[in-house]
Amino acid sequence: MTTMATQGAWLRMTSSPKSVAKSTVTSKELGFLTSQLSGVRISHAPSDVINRISVPSFPGIQPIVARRICPFTGKKANRANKVSFSNHKTKKLQFVNLQYKRVWWEAGKRFVKLRLSTKALKTIEKNGLDAVAKKAGIDLRKK
């Protein structure tokens with residue numbers, strides 16, 4: 001047995017160099033590369049891979065995830081420390097108190113279902129839905 005010094009002592013060739021060269025020529029003709037470590041055949045023809053794999057891809061579609069941010073006030077989660085009795089601090093998130101609420105929209109003469117924080121709900125009761133939505137830049141006609 002001969003060892004290849006460039007690739008390390010663990011990689012050993014078990015056959016003569018003439019038979020290795022002959023096997024690589026025949027494997028290239030078939031369109032496959034043969035690994036000398038495990039004998040796995042790897043295809044290198046891109047059309048061969050495309051014919052075998054037919055997976056539909058949808059690049060523009062992403063899952064819709066509701067963010068935990070109030071659209072009226074801009075409140076979002078606060079990073080804080082959870083402190084134990086032994087004063088060991090671990091990170092935690094303090095989320096905004098978001099609620100789904102049907103609010104009467106006077107200008108549209110209908111109810112609008114909104115996801116807003118309780119602070120925004122108090123502000124809407126005080127100033128009115130139109131004023132708060134205009135200040136936040138929210139178009140209520142879409143909803």
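Index from 1, following the sequence.
- One distance of note links CG of Leu140 with CH2 of Trp105; it measures 5.0 Å at 0.5 Å rounding.
- Atom NZ of Lys135 sits about 8.5 Å away from atom OG1 of Thr123, to the nearest 0.5 Å.
- Closest approach of Pro71 to Ile138, counting heavy atoms only: O-CD1, 3.5 Å.
- Scanning both residues, Arg110 and Arg141, for their nearest heavy atoms gives NH2-O, 3.9 Å.
- Across all non-hydrogen atoms, the minimal contact from Ala120 to Thr73 is CB-CG2, 3.8 Å.
- Note that CG of Leu114 is 9.5 Å distant from CG of Leu121, once rounded to the nearest 0.5 Å.
- Taking CZ from Phe111 and NZ from Lys101, the interatomic distance works out to 9.0 Å, rounded to the nearest 0.5 Å.
- The side chain to side chain contact (heavy atoms under 4.5 Å, CB included) test applied to Gln99 returns Asn97, Thr118, not counting sequence neighbours.
- For the atom pair Arg115 CZ and Arg68 CZ, the distance stands at 7.5 Å (nearest 0.5 Å).
- If you chain together hydrophobic residues whose side chains sit under 4.5 Å apart, Phe72 and Ile69 never meet in one group.
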Under the criterion side chain to side chain contact (heavy atoms under 4.5 Å, CB included), I'd like the reasoning laid out for Leu98 against Leu116: C-alpha separation, chi angles, the key distance, then a yes or no.
CA-CA 5 Å; Leu98 291 175; Leu116 45 92; 5.6 Å; no

Show every donor-acceptor pair shorter than 3.5 Å between a side-chain atom in residues 80-94 and any protein atom, with sequence neighbours excluded, or say none if there are none.
unit_1 : atom_1 : unit_2 : atom_2 : d
Ser84  : OG     : Ser86  : N      : 3.4
Ser84  : OG     : Ser86  : OG     : 3.1
Ser84  : OG     : His88  : N      : 3.1
Ser84  : OG     : His88  : O      : 3.4
Asn87  : OD1    : Lys89  : NZ     : 3.3
Gln94  : OE1    : Asn78  : ND2    : 3.0

